[in-house]
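A note on names: the letters A, B, ... follow the listed sequences, proteins ahead of strands, and every chain is numbered from 1.
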Protein chains: 2
Amino acid sequence: MGRDPHRAADGPSGPPTLADVAALAGVSRQTVSNALNNPALLRADTLERVRDAVDTLGYTPNRAARNLRTKASRLIGLRLTPFAEETANATVDRFVHSLVQASREAGYHVLLFDGDDPSDPASGYDELVRSTAVDAFVVTDTFKGNPQASYLEDSRVPFVAFGRPWTPAALHPWVDVDGAAGTAEATAHLLARGHRRVAWIGWRKESPIGEDRRAGWSRTLRGHGLSTSGLASRVEDTVRSGHEAAGVLLDEAAPTAFVCASDTLATGVLRQLHERGLVAGRDVAVVGFDDSPVAQLLPGGLTSVRQPLEEVAVQVVDRLGKLLGHRETFGSGTLLAPHLVVRGSS
Amino acid sequence: MGRDPHRAADGPSGPPTLADVAALAGVSRQTVSNALNNPALLRADTLERVRDAVDTLGYTPNRAARNLRTKASRLIGLRLTPFAEETANATVDRFVHSLVQASREAGYHVLLFDGDDPSDPASGYDELVRSTAVDAFVVTDTFKGNPQASYLEDSRVPFVAFGRPWTPAALHPWVDVDGAAGTAEATAHLLARGHRRVAWIGWRKESPIGEDRRAGWSRTLRGHGLSTSGLASRVEDTVRSGHEAAGVLLDEAAPTAFVCASDTLATGVLRQLHERGLVAGRDVAVVGFDDSPVAQLLPGGLTSVRQPLEEVAVQVVDRLGKLLGHRETFGSGTLLAPHLVVRGSS
DNA sequence: CGCACAGCTTGGATCGATCAAGGGAGACGG
DNA sequence: CCGTCTCCCTTGATCGATCCAAGCTGTGCG
């Protein structure tokens with residue numbers, strides 16, 4: 001009764017199909033389809049019979065056929081940025097793990113890709129959209145002026161951003177972590193430990209994320225009636241930059257603590273302290289951002305602000321589901337709070 | 001001439017199809033299909049006409065339809081293991097990046113998934129196979145007794161392993177890095193620096209990878225007429241274990257150098273040295289394995305064996321291509337050489 | 001008795017690309 | 001003038017699930 005008359009002789013020519021299940025259960029294809037997609041339509045005993053047949057055959061609906069018919073792939077696209085060497089940054093990788101898990105629970109899989117031309121924001125996206133290979137995208141690197149987001153908005157592709165839209169006009173759904181709250185907590189923590197001269201080492205002004213994190217620091221200091229002048233530095237996100245900035249600040253402003261926009265920068269600070277014979281956590285306190293493996297494993301440990309990436313992923317997938325289900329799609333955003341992980345450096 | 005009579009009035013109902021291109025170019029669907037998949041069959045002028053039409057419409061073949069017909073998805077499945085905290089291990093993440101890139105160059109995308117039940121090796125694989133969602137798998141965690149590999153071999157699913165089959169009977173294609181060669185290079189490097197008592201801290205005996213790496217160390221020492229007795233320790237892959245093992249070895253065997261099976265263990269050694277007031281690289285040398293961000297960023301830097309993951313990914317995809325093209329599939333393996341990255345710790 | 005209705009079947013079309021034949025025009029030889 | 005052989009292109013069927021519109025059967029109820 002299989003779809004291929006030679007099947008019995010030649011052995012199975014592939015995975016079982018709907019028709020095979022129907023034949024085994026003694027029902028029609030339509031009924032099997034209903035059993036899977038609309039079980040309420042079936043009588044209990046029929047449903048059970050069909051399900052038994054599904055189990056014995058090990059039937060799983062053919063993805064391609066279903067995708068073709070329903071015009072949906074249940075795949076979420078994520079463009080992977082190149083792996084950053086000489087950097088503590090593991091945020092993307094941690095996020096990928098979380099996203100995969102959250103997606104699975106929502107019945108999605110994650111499709112990774114990268115653009116053949118990294119400078120072109122649309123590279124890679126375009127082809128996947130037009131070939132209907134993915135239902136939606138998750139965009140992570142919104143901080144670089146966010147060219148992806150505007151491109152995607154223009155081409156009406158469903159997507160959710162991990163990262164706030166820093167351009168006012170943007171209307172897409174997003175999930176982000178409140179960086180300012182994180183650095184504020186870090187700064188408050190340092191103040192509670194008695195520090196009064198708390199320095200900031202962050203990213204260049206062009207980075208909205210960097211400015212956001214910086215705001216948490218300055219806000220907290222001023223809230224305690226302390227000055228921030230001469231205590232801040234804005235540099236590239238490299239260990240070397242952190243190292244140099246710390247040197248300058250130590251010479252010119254004599255801070256007793258540092259809050260950094262990243263663990264990478266904090267690592268540079270630790271290196272500077274080490275060179276001067278200063279002990280982190282005893283002589284000078286240091287706090288990083290991201291709770292990277294480096295922060296966890298550095299001797300003594302680096303106090304760091306940890307982003308709740310698992311929760312971010314869950315929220316992202318949730319919004320994605322709403323977006324694709326055509327329910328409330330308007331530029332709603334969620335801001336999650338990070339928390340401070342205190343280690344030996346503070 | 002569109003497939004939908006209301007199309008002109010309602011606007012485009014989706015991406016253009018083969019039929020749309022055919023209509024615009026004034027040829028049949030099949031000719032358009034040939035233009036894309038078998039251009040040699042067309043006359044030059046026709047080919048150009050079709051290509052123009054493709055460009056003006058921005059046509060990309062519908063993935064689902066193609067997959068259904070050709071019974072291939074051009075997707076490679078990769079099961080992601082949970083992100084390991086408190087560990088230097090970034091190998092998987094680096095590999096994922098490389099794999100995505102190598103796959104793209106071969107016309108594949110990477111589908112990430114994770115099993116809902118991590119203890120079941122087949123979890124997740126099964127569904128993807130039966131639904132024909134992926135063409136093949138890349139299996140990375142072959143070191144855990146390799147249950148995936150045997151399951152996949154049994155179910156005749158195409159896959160390539162990153163990691164040697166440590167069970168003799170296995171016949172699948174694989175690509176791996178010669179860990180013994182890496183630790184041998186590390187040990188030789190230490191001997192060249194004048195060390196004579198070089199200790200080993202590795203994984204438990206159950207780990208074939210650990211034993212392989214250990215072999216490089218012991219082989220090199222013995223090759224130089226040096227004894228290994230009392231200089232080796234086998235522990236869990238945690239910082240704490242490395243720390244403890246280093247303590248015991250320092251007390252009982254007085255080594256002047258350590259070779260470790262991972263950066264995680266090496267980090268533990270560094271911590272032990274630090275506690276004793278010993279300076280890594282001056283008093284005692286340490287070499288890790290994996291060239292993780294932690295190795296790169298630790299103060300002074302950790303000398304480490306770096307795996308050529310980019311090359312591994314290229315080889316894996318290459319074998320995958322051969323496997324799926326039904327060309328030479330027999331258990332052929334490739335062993336790539338790692339290289340030592342020397343930093344301050346040695 | 002007849003009607004409604006739940007529950008299933010039947011047959012077909014559909015998604016969009018590809019496969020396996022089939023057809024027509026021109027060239028060439030007899 | 002006709003056969004036949006290429007070359008180039010077209011036609012119809014197909015992949016497997018879903019959707020749609022009837023149609024059929026048995027049960028319950030007025």
Assign [X] to base, sugar-phosphate, or nothing according to its heavy-atom contacts below 4.0 angstrom with the strands shown.
{"X": "B:N67", "value": "nothing"}
{"X": "B:V32", "value": "nothing"}
{"X": "B:L36", "value": "nothing"}
{"X": "A:S28", "value": "base"}
{"X": "B:N37", "value": "sugar-phosphate"}

On DNA chain D, nearest-nucleotide positions of B:A40 versus A:T70: which is more 5'? B:A40
Take B:R49 and B:L68, find for each the nucleotide of DNA chain D with the closest heavy atom, and name the residue whose nucleotide sits nearer the 5' end. B:R49
Should A:T31 be listed as having a side-chain N or O under 4.0 Å from OP1 or OP2 of C:dT9? yes
It should be established whether A:T17 places a side-chain nitrogen or oxygen under 4.0 Å from OP1 or OP2 of nucleotide D:dG16. no
Taking the minimum atom-to-atom distance to the side chain of [X], which one of [options] wins?
{"X": "B:R69", "options": "D:dT18, D:dA13, D:dC9", "value": "D:dA13"}
{"X": "B:N62", "options": "C:dG16, D:dC9, D:dG16", "value": "C:dG16"}
{"X": "B:L42", "options": "D:dG16, D:dC9, C:dT18", "value": "D:dC9"}

Ignoring hydrogens and angles, answer whether the base of C:dC8 and the side-chain atoms of A:Q30 contain a donor-acceptor pair closer than 3.5 Å.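 Per atom types, no contact qualifies.
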Distance in angstrom units between [X] [atom1] and [N] [atom2], rounded:
{"X": "A:K71", "N": "D:dA17", "atom1": "NZ", "atom2": "P", "answer": "18 Å"}
{"X": "B:R29", "N": "D:dT10", "atom1": "CZ", "atom2": "C1'", "answer": "9 Å"}
{"X": "A:L18", "N": "D:dC15", "atom1": "CG", "atom2": "P", "answer": "14 Å"}
{"X": "A:R43", "N": "C:dC5", "atom1": "CZ", "atom2": "C1'", "answer": "14 Å"}
{"X": "B:L41", "N": "D:dT10", "atom1": "CG", "atom2": "C1'", "answer": "14 Å"}
{"X": "A:R66", "N": "C:dG16", "atom1": "CZ", "atom2": "C1'", "answer": "18 Å"}
{"X": "B:N38", "N": "D:dC9", "atom1": "CG", "atom2": "C1'", "answer": "14 Å"}
{"X": "B:Y59", "N": "C:dA17", "atom1": "OH", "atom2": "C1'", "answer": "7 Å"}

Please determine whether a side-chain nitrogen of the Lys or Arg among A:K322 and A:D318 lies less than 4.0 Å from a carboxylate oxygen of the Asp or Glu. yes
B:D55/B:R51 ion pair, N-O < 4.0 Å: no
Is it true that the side chains of A:N67 and A:S73 contain a donor and an acceptor less than 3.5 Å apart? no
Polar contact flag, side-chain donor to acceptor under 3.5 angstrom, A:R66-B:S131: no
Kindly check if the number of other-residue, nucleotide or ligand heavy atoms within 6.0 Å of CD (A:E48) is above 12?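 Not buried by this count: 12 neighbours or fewer within 6.0 Å.
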Note, A:R164 side chain near A:L335 side chain (heavy atom, < 4.5 Å):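 Yes, close enough: below the 4.5 Å cut-off.
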